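The model shown is predicted, which means the values in this text are computed figures rather than measured ones.
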Amino acid sequence: MAIRNVVQVGDEILRKKSKEVKEFDEKLWILLDDMKETMIKNDGCGLAAVQVGILKRAIVIDVNHMYIELINPIIISSSGELCEKEGCLSCKGQIGYVKRPQEVTVKAFDRYGNEFVITGENLLAKAFCHEIDHLEGVLFIDKMEKVKRK
């Protein structure tokens, strides 16, 4: 496994739409393993492949030391609303409030090509939405609530 460089805001690749994964092979497994190590090394709770410069629809998430890999994820339902603080490994030093669903259900594939459905609430729901946004070229700073000053 290897630690990869995390692409920073301003690099145009972060604004591109990621491509569907079609090959569930050793190259994908190496990418996922490297992404997990990179996420841990950078103290993140999620990382999309585009954040390491690879335009593939692949995500790794770590919520409470529960590691989840999502390949070609699609949000199939959501409910509720939360507005909480977010940050991003690709937007170092920036933190802001973003409205997200409180509960999200995602359909995805695992590293072997097996389809599954997973539902997350609160932090996990936020991580699903944040990372899936990356696959569409959307950053949390695009959705940040504007701070109103008196």
Side-chain angles (χ1 to χ4, degrees), residues 4 6-24 28-29 31-148:
R4 299 195 185 203
V6 177
V7 176
Q8 293 301 305
V9 68
D11 189 316
E12 66 183 42
I13 197 168
L14 289 173
R15 297 304 187 167
K16 294 184 176 180
K17 191 170 180 173
S18 295
K19 295 173 177 30
E20 182 179 344
V21 172
K22 296 186 187 224
E23 300 292 325
F24 294 81
L28 175 65
W29 305 340
L31 173 63
L32 291 168
D33 292 342
D34 288 355
M35 288 169 57
K36 179 180 175 186
E37 288 298 310
T38 302
M39 175 183 63
I40 292 167
K41 174 76 172 163
N42 287 280
D43 200 27
C45 69
L47 192 69
V50 66
Q51 292 179 271
V52 294
I54 308 294
L55 281 172
K56 295 281 184 187
R57 298 185 75 77
I59 293 170
V60 294
I61 292 176
D62 170 16
V63 173
N64 299 322
H65 302 290
M66 178 178 71
Y67 296 101
I68 301 168
E69 297 173 345
L70 302 172
I71 312 303
N72 301 331
I74 299 169
I75 294 173
I76 56 174
S77 69
S78 63
S79 63
E81 183 178 272
L82 293 174
C83 188
E84 296 183 333
K85 274 194 228 179
E86 285 187 32
C88 180
L89 295 178
S90 290
C91 303
K92 289 199 184 214
Q94 296 188 57
I95 295 174
Y97 286 87
V98 179
K99 283 184 186 173
R100 302 273 190 198
Q102 184 174 9
E103 182 178 284
V104 174
T105 300
V106 174
K107 180 171 72 171
F109 295 89
D110 67 15
R111 65 171 50 211
Y112 306 106
N114 300 306
E115 188 176 79
F116 66 96
V117 174
I118 184 170
T119 299
E121 295 179 341
N122 303 317
L123 179 58
L124 185 53
K126 179 168 64 171
F128 287 162
C129 292
H130 180 109
E131 299 308 330
I132 291 171
D133 277 352
H134 273 298
L135 303 181
E136 298 298 321
V138 176
L139 302 175
F140 90 100
I141 56 176
D142 302 331
K143 295 184 169 191
M144 233 168 38
E145 294 287 306
K146 304 294 181 222
V147 177
K148 294 181 182 171

Side-chain touch C88/H134, heavy atoms, less than 4.5 angstrom: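 C88 vs H134: side chains touch.
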
Side chain to side chain, P101 and S79, heavy atoms closer than 4.5 Å: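 SC-SC contact between P101 and S79 ruled out.
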
Nearest 0.5 Å, what's the [atom1]-[atom2] distance between [X] and [Y]?
X	Y	atom1	atom2	answer
L70	F128	CG	CZ	5.5 Å
L124	I61	CG	CD1	6.0 Å
K85	M144	NZ	CE	12.5 Å
Q94	L139	CD	CG	9.0 Å
Q102	N122	CD	CG	5.0 Å
E121	L123	CD	CG	11.5 Å

Is it true that [X] and [Y] have a side-chain N and a carboxylate O under 4.0 angstrom from each other?
X	Y	answer
E136	R57	yes
R100	D133	yes
R111	D33	yes

Would you tell me whether Q8 and S90 have side-chain atoms, one donor and one acceptor, within less than 3.5 Å of each other?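 The answer is no; no qualifying pair exists.
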
Does atom CG (N114) have a neighbourhood of more than 12 heavy atoms from anything else shown, all under 6.0 Å?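 Result for CG/N114: enclosed.
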
Within 45 degrees of the ring normal and closer than 6.0 Å to the centroid, is that where the cationic atom of K107 sits relative to F116?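 Checked: cation-pi criterion not met.
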
Treating Q51 as the side-chain partner and A48 as the backbone partner, does any N or O pair qualify as donor plus acceptor under 3.5 Å?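 Checked: pair present.
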
Is the ring centre of W29 less than 6.0 Å from the ring centre of F24?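 Aromatic pair excluded; centres sit 6.0 Å or further apart.
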
Please step through side-chain contact (heavy atoms from CB on, under 4.5 Å) for the pair R15 and D142, ending with a clear verdict. CA-CA 11 Å; R15 297 304 187 167; D142 302 331; 2.4 Å; yes

Testing the basics here: between E145 and C83, what is the closest heavy-atom pair and its distance to 0.1 Å?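 Between these two residues, the closest heavy atoms are CG-SG, 3.7 Å.
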
Sole candidate of D34, V7, L47 that passes side chain to side chain contact (heavy atoms under 4.5 Å, CB included) when paired with V52: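 It is L47; the other options fail the test.
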
